[in-house]
Each structure stands twice: as C-alpha cells, then as structure tokens.
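Report on one structure; see the data block that follows.
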Protein chains: 2
Amino acid sequence: MAKKTRMTKQRKAILKILKNTKIHPTADWIYEKVRAEIPNISLGTVYRNLNVLAESGKIKVLDYGSNHSRYDGNPEQHYHFRCEKCGRVYDLELDFGLNLNKKINSETGFIANSHRLEFHGICPECQQKN
Amino acid sequence: MAKKTRMTKQRKAILKILKNTKIHPTADWIYEKVRAEIPNISLGTVYRNLNVLAESGKIKVLDYGSNHSRYDGNPEQHYHFRCEKCGRVYDLELDFGLNLNKKINSETGFIANSHRLEFHGICPECQQKN
DNA sequence: GTAGGTGCAAAATTTTTGCATCCAA
DNA sequence: TTGGATGCAAAAATTTTGCACCTAC
C-alpha cells in the first residue's frame, strides 16, 4: 500500500503555487515563489515535495521519464509510445490522418507548426512477461 | 544565414548511431556507443554535436525546451501548446473528442493508458509583437 | 510518541565551456 | 589556408541525499 504522507505547510504551499499558475514552472521558479511565504525553505525540500506530489498523482512532471535529454534520429513527424514498465520509447508507425495543427489554427488563436503525441502504457514485450 | 558546419567523422558517427537505433537514447548512451568506433572521443564533443544536429533539424531532442524538469499542477488530461518564441507552455482547453488510446489498443499490440499531446508554434501574444 | 518531513550542506549527475590544437572544405 | 571542430578538464547547472533536528498526526 501507499506510504503515509503528511500535509506539511511546505508541501501545502508548493501545491498551492502549482495549482495557481499556468506556466508549468521549473523547480527553481517554485523555490523562488515559495520563499515569499516560507523564507527559509530549502531547495531540497522543494524537490522532495515535487517528487512526492508527482508520485501521488497530484501533479504531473513534464519530462521523458528520466532526468536526461533523449535524442531522436528521426526528425520526421511520428508518434511515440513509452512503456511504463521497461521505460523504452518506441516509434509508432500509425498515421491517424489527423490534421491536428490545422484544427488548432482554425479553432484557437494559436498558430501550430507541429505537434508531438506520445502514448504511455505497456509494450507487447512486457505484456508477455506478466 | 545558417552557420557553416563540417561533417567530421565524430559528427558522422553520432548521426549514424542515432539513425540506426529506435530507442531514443541519452547522450551518455550515445557516448558509450560511439567510443567503440572513436575511442578517444570526448563527452563534450557528443553534446556539442547533438546540439548542432538538433539545430540543423537532422535530429530531434525530446525535452520540454529546457534542461529543467517542468511541473504541472493539473494532473487531468489536457493538452499543451509551447510557444517557440517566448517559451511559455499554455494549457489548451480544447477537447478533440478523440479516443486515441482506444485507437492504439485496437490497431496495435501496445496497451495505452494515457497520452500526451503538445503543439508547437506561436502564441497569440507573440503574434502581435511581430 | 513517532514516523515522516525539514534545513543545511555535501555529493552526484548532467551539460556546457575555455583553450590549445587539429583537420575538413 | 583557416574557421569550424575536437579533446581535455574545469566549471556550471540541476537534482539527490545523509544527518540531526523538528512536527503533523
């Protein structure tokens, strides 16, 4: 079962800041913000709480499943599938025939030049290993 | 105009490795691989070349436009738009009514639990500043 | 009361950079 | 020939962690 957690004032403050911004900030930005409220909070605490909050599903981390950048030798439009078990990232050959960029351009004020679509789940190989 | 670049053996080897793998490796993985061919290549050269190759569009970097992790206070399904000019990441309220996960599950051997969709382009504010 | 959390600082990791030298065009 | 590229090492930047003390439950 999941480990017990406490809602400390530090954790509460970090969560509140994150819920009240749209800018998807970095840990350091959050650290600066939260220091207005808790001046002697440490950056380590910010990182620890972000990890705890992400594990419990209260927030999302926008990375690629690791702290490293990952590089893709195929610059063409294609979609990815990341296996939640083994961590591998597959290319998907599927083309849904979606013209998502055009949809954005016609339905919003944004001008989209490209998009990235990534699925998360279990790959065929890990399904067998079950 | 774009700066001139040379196709050194180091750059060629890195590009070849990246074109011949599907795993979207980290810089360190590439470094280990390329050392089989060029034993005294340095990690700095690998990073420099990955950046050059990405700038010229020959490869893609799978990150969020910075070297930091970014955190999202909204764990619900929603899409993102990243502005290529100011770097901001917006939430898109749009729902295309796509059931992409189901499509994956029925058309491939992958089991998708979730997906992430992110558009890149120019935000309304930066369009005005033109 | 106590297990989980914090602050601090040191360490680990990842990425960039200065510089003398080298080499692709 | 020469300006871009490399190797090396040091530095910068980001994230994690050990430890003694603190506090939410």
Side-chain angles (χ1 to χ4, degrees), chain A residues 1-18 23-72 87 89, chain B residues 1-18 23-72 87 89:
Chain A
M1 72 169 252
K3 207 203 273 185
K4 271 183 214 163
T5 62
R6 294 178 190 174
M7 190 47 68
T8 60
K9 66 176 179 187
Q10 289 87 345
R11 189 164 299 163
K12 203 179 300 181
I14 289 166
L15 188 54
K16 193 185 75 188
I17 285 170
L18 216 32
I23 71 161
H24 309 85
T26 62
D28 206 60
W29 185 94
I30 296 166
Y31 174 58
E32 292 301 332
K33 275 284 182 210
V34 77
R35 283 213 292 173
E37 208 169 314
I38 307 171
N40 67 330
I41 195 173
S42 75
L43 185 54
T45 294
V46 173
Y47 274 106
R48 268 185 298 231
N49 276 308
L50 289 170
N51 288 336
V52 168
L53 291 168
E55 271 171 43
S56 71
K58 290 197 178 67
I59 66 171
K60 285 264 187 191
V61 185
L62 304 184
D63 67 7
Y64 273 83
S66 80
N67 295 324
H68 331 279
S69 291
R70 286 171 171 276
Y71 300 88
D72 189 342
V89 179
Chain B
M1 70 168 255
K3 205 205 272 186
K4 270 184 215 166
T5 62
R6 294 178 189 175
M7 189 49 66
T8 59
K9 67 177 179 186
Q10 288 88 345
R11 187 163 300 164
K12 202 180 299 181
I14 289 167
L15 188 55
K16 193 185 77 188
I17 285 170
L18 215 33
I23 71 162
H24 310 83
T26 63
D28 206 60
W29 186 94
I30 296 166
Y31 174 57
E32 291 301 333
K33 274 286 183 210
V34 76
R35 282 212 292 173
E37 208 169 314
I38 307 172
N40 67 328
I41 194 173
S42 76
L43 185 55
T45 293
V46 173
Y47 274 107
R48 268 185 298 232
N49 275 308
L50 289 171
N51 288 336
V52 169
L53 290 168
E55 272 172 41
S56 71
K58 290 198 179 67
I59 67 173
K60 285 264 187 192
V61 185
L62 304 183
D63 66 7
Y64 272 82
S66 78
N67 295 323
H68 331 279
S69 291
R70 286 171 171 277
Y71 299 87
D72 188 342
V89 179

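Computed from heavy atoms alone, side chains included, the values below leave out hydrogens, waters and symmetry copies. Chain naming here is simple, since letters A, B, ... match the order of the sequence lines and numbering starts at 1 in each.
Nearest to the side-chain atoms of A:R11 among the listed nucleotides C:dG5, D:dT15, D:dT6 stands C:dG5.
Each end of the helix from C:dG1-D:dC25 to C:dA25-D:dT1 gets its own rotation axis from five pairs of C1' atoms, and the angle between them is 50° to the nearest 10 degrees.
The closest side-chain heavy-atom distance from A:Y31 to A:L50 is not below 4.5 Å. Inter-residue side-chain proximity for A:D28 and A:V46 is flagged as unmet; no heavy-atom pair is nearer than 4.5 Å.
Between B:K4 atom NZ and D:dT1 atom C1' the separation is 13 Å, expressed in whole Å. The interatomic distance linking B:I41 (CD1) with D:dA5 (P) rounds to 13 Å, in whole Å. Between the CD atom of A:E55 and the P atom of D:dT16 there is a distance of 11 Å, rounded to whole Å. When the P atom of C:dT13 is taken as reference, atom CG of B:D28 falls 11 Å away, rounded to whole Å. Protein atom NZ of B:K12 is 14 Å distant from nucleotide atom P of D:dA5, rounded to whole Å. The interatomic distance linking B:N51 (CG) with D:dA5 (P) rounds to 12 Å, in whole Å.
Residue pairs meeting the salt bridge (charged side-chain N to carboxylate O under 4.0 Å, His left out) criterion with at least one partner in residues 39-48 of chain A, sequence neighbours excluded, are absent. Listed by first then second residue, pairs satisfying salt bridge (charged side-chain N to carboxylate O under 4.0 Å, His left out) with a partner in residues 29-41 of chain B read B:K16-B:E37, B:E32-B:R35, not counting sequence neighbours.
Of the residues in residues 42-50 of chain A, A:S42, A:T45, A:R48, A:N49 come within less than 4.0 Å of DNA chain C through at least one heavy atom, sorted by number. The stretch residues 32-40 of chain B comes close to DNA chain D through B:N40, each having a heavy atom under 4.0 Å from the strand.
Here the closest heavy-atom approach between residue A:I30 and residue A:P25 is recorded as CG1-CG, 3.7 Å.
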List every contact pair, protein side and nucleotides 23-25 of chain C side both N or O, where the distance is under 3.5 Å.
residue: C:dC23; atom: O2; partner: B:R6; partner atom: NH1; Å: 3.1
residue: C:dA24; atom: N3; partner: B:R6; partner atom: NH1; Å: 3.4
residue: C:dA25; atom: OP1; partner: B:M7; partner atom: N; Å: 3.4

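Applying the side-chain hydrogen bond (donor to acceptor under 3.5 Å, both in side chains) rule to B:S42 yields the partners B:T45; only residues at least two apart in sequence or on another chain are considered.
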Indicate every side-chain donor-acceptor pair of residues 5-14 of chain B with a distance under 3.5 Å to a residue at least two apart or in another chain.
residue: B:T8; atom: OG1; partner: B:R11; partner atom: N; Å: 3.2
residue: B:R11; atom: NE; partner: B:N49; partner atom: OD1; Å: 2.4
residue: B:R11; atom: NH1; partner: B:R6; partner atom: O; Å: 2.9
residue: B:R11; atom: NH2; partner: B:N49; partner atom: OD1; Å: 2.9

